[in-house]
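Just below is one structure, and these are the notes that go with it.
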Amino acid sequence: QVQLVESGGGLVQAGGSLTLSCAASGRTFSMYIMGWFRQAPGKEREFVAAINWAGDNTIYDPVKGRFTISRDNAKNTVYLQMNSLKAEDTGVYYCAYSRPRYGSSWYKGPYDYWGQGTQVTVSS
């Protein structure tokens, strides 16, 4: 009952910036968690960032300071602003939705719905 539509992926040169968007539709509520994950070629999917309804957020250490997660509650949309991109950031980026969760590991999910993914390619 929740659909996620991603946009913003593409090809950029190292050092450039890119903003990803993920809009949730369907039977959504004001309280939920949205996360971003990525999968680089030949590697396992890894956590990137997450944000809850209150604005609490967590960022994967290797991208902290370069990536920022935010949301527009009125539009049910989450954003991932990526700056100073590196070749290592290349991969398929997925957004995910979770019903409210609490605790120190709230951002770990499990997530209930996933987007189809959007390709991000950083050329060196």
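Below, each value reflects all heavy atoms present in this structure, side chains not excepted, and no hydrogens, waters or symmetry copies.
- Side-chain atoms of Val78 and Trp36, non-hydrogen and from C-beta on, do get closer than 4.5 Å to each other.
- Checking side-chain atoms of Arg38 against main-chain N and O of Gly91 turns up no donor-acceptor pair under 3.5 Å.
- There is a path of hydrophobic side-chain contacts, each under 4.5 Å, that joins Val48 to Tyr113.
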Check residues 49-57 and write down every donor-acceptor pair under 3.5 Å in which the side-chain atom is one partner and the other belongs to a residue at least two apart or another chain.
residue	atom	partner	partner atom	Å
Asn52	OD1	Ala54	N	3.0
Asn52	OD1	Gly55	N	3.1
Asn52	OD1	Asp56	N	2.9
Asn52	ND2	Asp56	OD2	3.3
Asn57	ND2	Gly55	O	3.3

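- Without hydrogens or angle criteria, Arg45 side chain to Val92 main chain gives no donor-acceptor distance under 3.5 Å.
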TODO: Please step through side chain to side chain contact (heavy atoms under 4.5 Å, CB included) for the pair Val2 and Tyr32, ending with a clear verdict.
DONE: CA-CA 12 Å; Val2 176; Tyr32 59 87; over 6 Å; no
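- Shown here for Glu6 and Thr118, the closest heavy-atom pair between the two residues is OE1-N, 3.8 Å.
- Thr90 places a side-chain N or O within 3.5 Å of a backbone atom of Val122 that can act as its donor or acceptor partner.
- The minimum heavy-atom distance linking Arg71 with Asn73 is given by the pair NE-OD1, 2.9 Å.
- Taking the six-membered ring for Trp and thresholds of 30 and 60 degrees, Trp114 and Phe37 have ring planes inclined between 30 and 60 degrees apart.
- The OG atom of Ser124 lies 12.5 Å from the CG atom of Leu85; values are rounded to the nearest 0.5 Å.
- Across all their heavy atoms, Met34 and Tyr111 have their closest contact at C-CE2, 4.4 Å.
- To the nearest 0.5 Å, atom CD of residue Gln39 and atom CD of residue Glu44 are 7.0 Å apart.
- The shortest side-chain heavy-atom distance between Gln116 and Val5 does not fall under the 4.5 Å cut-off.
- To the nearest 0.5 angstrom, Asp112 atom CG is 8.5 Å from Gln1 atom CD.
- Linking Ile, Leu, Val, Met, Phe, Trp and Tyr whenever their side-chain heavy atoms come within less than 4.5 Å puts Ile69 and Leu4 in one cluster.
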Taking distance alone, no hydrogens or angles, what donor-acceptor pairs closer than 3.5 Å link side-chain atoms of residues 9-24 to residues at least two apart or in another chain?
residue	atom	partner	partner atom	Å
Ser17	OG	Asn83	OD1	3.0
Thr19	OG1	Gln81	OE1	2.3
Thr19	OG1	Gln81	NE2	3.4

Task: Stepwise side chain to side chain contact (heavy atoms under 4.5 Å, CB included) check, Met82 with Asp89 - done: CA-CA 9 Å; Met82 304 184 293; Asp89 296 317; 5.9 Å; no
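- Linking ILVMFWY side-chain heavy atoms closer than 4.5 Å, directly or via other members, places Tyr94 and Tyr107 in a single hydrophobic cluster.
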